[in-house]
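Following: one structure in structure tokens, then a few remarks.
Everything quoted here is computed from the prediction, not taken from an experiment. Any value given below was found using the heavy atoms of this structure, including those in side chains, with hydrogens, waters and symmetry copies removed.
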Amino acid sequence: MREARIWRQVLGVEKTVIEHVDFDESAAAVIVAVRPQARAMSRCGVCGRRSPGYDGGAGRRRWRGPDCGLVRTFIEAEAPRVACREHGVTVAAVPWARHRAGHTYSFDQTVAWLATHTSKAATCELMRTAWRTVGAIVDRVWADTEPARDPLAGLRRIGIDEISYKKGHKYLTVVVDHDSGRLVWAAPGRDAATLSGFFDLLGADRCARITHVTSDAAGWIGSVVTRYCPDAVRCADPFHVVAWATEALDTVRRAAWNRARATETASRGGGWKPRRRPKAGPARTVKRSRWALLKNPDTLNAQQRATLRWIELHDPVLHRGYLLKESLRLIFQLPAEQAATELDRWIDWARRCRIPAFVALQKSILVHKPAILAAIEHGLSNGRIESVNTKIRLITRRGFGFHTPEAVIALAMLSLGGARPQLPGRTNPRMSQ
């Protein structure tokens with residue numbers, strides 16, 4: 001095998017003529033002098049259209065390539081300029097790197113793969129590059145990946161949610177495809193104007209093909225979905241509905257704790273308080289009953305079951321709230337026909353329970369009743385989108401935060417959008433997973 005062919009394989013370059021290889025003592029790097037093949041010359045660096053030459057440019061320049069063993073490697077070549085009829089005078093395209101990039105395709109692809117699998121700090125250490133350079137490379141790779149595929153094609157069932165990516169109430173609105181589980185769109189903000197941008201990008205024809213939309217009970221999501229997809233079935237996320245019940249039950253528990261404390265204070269003769277809290281008593285039992293009340297019955301330990309039995313005997317109001325919470329949770333496990341009947345019974349029970357928190361809850365349940373029954377009938381929830389949100393949180397935590405939402409979105413789309421970068425030189429896709 002000729003030496004030039006070996007270096008083309010090592011650097012991962014095509015349509016390139018290897019002129020000579022040197023070692024730069026001052027830079028402690030291998031310098032590979034190259035030039036494009038005749039067929040790859042005289043093209044605009046922006047659009048790739050054949051263009052007449054303009055001048056020789058500013059001289060020779062270098063592009064960072066994959067390391068050779070323990071030393072850095074640079075590709076060195078002339079950078080002539082061409083006169084493009086659309087973009088004017090610009091640097092000619094080279095087959096080994098993107099326009100206005102200081103790294104080769106292979107280097108960018110390796111960094112992007114590492115960024116989707118490990119932290120930025122580890123990527124910087126391994127690739128010997130700057131923190132911000134990693135973000136710039138991810139943006140470049142995603143900018144090249146996005147036009148090659150249409151993430152909005154074939155959408156039928158989608159989930160919509162918001163996620164905090166930074167302190168200070170900084171949110172992203174994300175959309176996930178239920179059928180493939182991939183992230184299809186994300187944008188900074190969590191309001192109707194932000195979500196409207198997604199449906200405007202989707203277009204009227206593809207909006208009409210949306211059949212199901214899952215989300216929480218946020219009013220701004222419902223109004224936008226109704227405006228753009230009036231025929232789509234709205235499904236309320238069961239997890240959020242049950243979470244409403246657990247919040248109402250926790251409100252009842254705190255009220256029961258206050259009642260028990262007031263009773264204990266009255267039994268001691270008014271305002272006198274002991275120096276130490278009593279080790280036992282109704283108030284302490286109610287205070288420590290939070291997880292016994294919120295956990296599912298099949299996950300309770302012996303002590304928590306005993307606590308529930310004590311509540312049943314001594315605090316009927318709190319026990320009634322617990323039964324209301326459990327009854328609502330079990331409705332989501334019933335067939336659609338039976339669930340509709342049981343939900344009506346639950347609403348009637350909650351309306352007459354004389355517990356303010358659950359009386360208010362049944363009003364919300366009544367408003368969202370069609371979406372709740374649709375979620376039960378079609379078996380849809382925000383489980384997929386919550387999984388994507390967890391992975392986005394992992395990306396932000398692994399990167400120790402991001403300065404801009406665009407950086408988070410680029411890395412999230414590259415990692416979760418169904419087009420994760422592959423390591424260069426791997427013929428078997430599983431080798432780079």
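Two residues are said to be in side-chain contact when any heavy atoms from C-beta on lie closer than 4.5 Å; P297 and R329 meet this criterion. Taking 4.5 Å as the limit, some side-chain heavy atom of R393 sits within range of a side-chain heavy atom of I163. The side-chain heavy atoms of W349 and L323, taken from C-beta on, include a pair separated by under 4.5 Å. A heavy-atom distance below 4.5 Å is not found between the side chains of P95 and V13. For the pair S215/R234, a side-chain contact is recorded, criterion being any heavy-atom separation below 4.5 Å from C-beta on. With a 4.5 Å cut-off on side-chain heavy atoms, H103 and V111 do not count as touching. When side chains are defined from C-beta on, V82 does not count as touching R43, because their heavy atoms never get closer than 4.5 Å. Residues C84 and V46 have side chains not in contact (no heavy-atom distance under 4.5 Å, counting atoms from C-beta outward).
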With side chain to side chain donor-acceptor pair (under 3.5 Å) as the criterion, how do S196 and R227 come out once you've worked through the C-alpha distance, each side chain's angles and the decisive distance to 0.1 Å? CA-CA 9 Å; S196 297; R227 184 166 73 250; 2.9 Å; yes
Using the rule given for side chain to side chain donor-acceptor pair (under 3.5 Å), can you reason through H212 versus H378, listing the C-alpha separation, both sets of side-chain angles and the distance that settles it, and then say yes or no? CA-CA 9 Å; H212 298 79; H378 299 284; 3.3 Å; yes
Can you check side chain to side chain contact (heavy atoms under 4.5 Å, CB included) on F332 and V241, steps first, answer last? CA-CA 10 Å; F332 288 96; V241 177; 3.7 Å; yes
Checking side chain to side chain contact (heavy atoms under 4.5 Å, CB included) for the pair L201/W185: CA distance, chi angles, key distance, verdict? CA-CA 10 Å; L201 185 64; W185 183 85; 4.0 Å; yes
Any chance you could lay out the side chain to side chain contact (heavy atoms under 4.5 Å, CB included) test for R62 and D24, step after step, and finish with the verdict? CA-CA 12 Å; R62 291 179 178 180; D24 189 335; 3.4 Å; yes
Derivation of the side chain to side chain contact (heavy atoms under 4.5 Å, CB included) call for I409 and E406: CA-CA 5 Å; I409 292 171; E406 289 75 18; 5.6 Å; no
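With rounding to the nearest 0.5 angstrom, the OH atom of Y165 is 11.0 Å from the OG1 atom of T396. For the atom pair S415 OG and L183 CG, the distance stands at 9.5 Å (nearest 0.5 Å). Taking CZ from R420 and OG1 from T116, the interatomic distance works out to 4.5 Å, rounded to the nearest 0.5 Å. Atom NZ of K120 sits about 8.5 Å away from atom CZ of R132, to the nearest 0.5 Å. I311 CD1 to L293 CG: the interatomic distance, rounded to the nearest 0.5 Å, is 4.0 Å. The CG atom of L373 sits 5.5 Å away from the CG atom of L343 when rounded to the nearest 0.5 Å.
A side-chain donor from one of T194 and D191 sits under 3.5 Å from a side-chain acceptor of the other. Using modelled atom types and a 3.5 Å distance limit, the side chains of D237 and T214 yield no donor-acceptor pair.
Atom NZ of K295 has more than 12 neighbouring heavy atoms from other residues, nucleotides or ligands inside a 6.0 Å radius. Within 6.0 Å of OH in Y171 there are more than 12 heavy atoms belonging to other residues, nucleotides or ligands. Surrounding CH2 of W131 are more than 12 heavy atoms belonging to other residues, nucleotides or ligands, all under 6.0 Å away. Within a 6.0 Å sphere centred on CZ of R128, other residues, nucleotides and ligands contribute more than 12 heavy atoms. E125 CD: 12 or fewer foreign heavy atoms inside a 6.0 Å radius.
Under a 4.0 Å N-O distance rule, the pair D108/R98 qualifies as a salt bridge. With respect to K369 and D344, a salt bridge is recorded, a charged nitrogen being found less than 4.0 Å from a carboxylate O. The pair D205-R209 fails the salt-bridge criterion, with no side-chain N (NZ, NE, NH1 or NH2) lying under 4.0 Å from an Asp/Glu carboxylate O.
Put simply, the side chain of T173 gets close to the backbone of G189: a donor and an acceptor are under 3.5 Å apart. In this structure, the side chain of N296 does not engage the main chain of D298 through any donor-acceptor pair within 3.5 Å. Remark: the backbone N or O of A292 is not paired with any side-chain donor or acceptor of S289 at under 3.5 angstrom. One N or O on the side chain of W63 and one on the backbone of A101 form a donor-acceptor pair closer than 3.5 Å. Using modelled atom types, one side-chain atom of R182 and one backbone atom of P151 make a donor-acceptor pair closer than 3.5 Å. Remark: the backbone N or O of Q304 is paired with a side-chain donor or acceptor of N301 at under 3.5 angstrom. Proximity of a side-chain donor or acceptor of D67 to a complementary backbone N or O of G69 within less than 3.5 Å is not detected. R305 places a side-chain N or O within donor-acceptor distance of the main-chain N or O of L300, the cut-off being under 3.5 Å. Within the 3.5 Å criterion, the main-chain N or O of E14 finds a donor-acceptor partner in the side chain of T16. Not one N or O on the side chain of E386 forms a donor-acceptor pair closer than 3.5 Å with the backbone of G383.
Nearest heavy atom pair, residue I376 against residue A336, reads CG2-CA, 4.1 Å. Of all the heavy atoms in W257 and A283, the pair that sits closest is CD1-O, 3.2 Å. The minimum heavy-atom distance between A115 and L411, with the atom names listed, is O-CD1, 3.9 Å. K391 approaches L416 most closely through the heavy-atom pair CD-CD2, 3.7 Å. Of all the heavy atoms in T118 and R398, the pair that sits closest is O-NE, 3.3 Å. The minimum heavy-atom distance linking V174 with I392 is given by the pair CG1-CD1, 4.1 Å.
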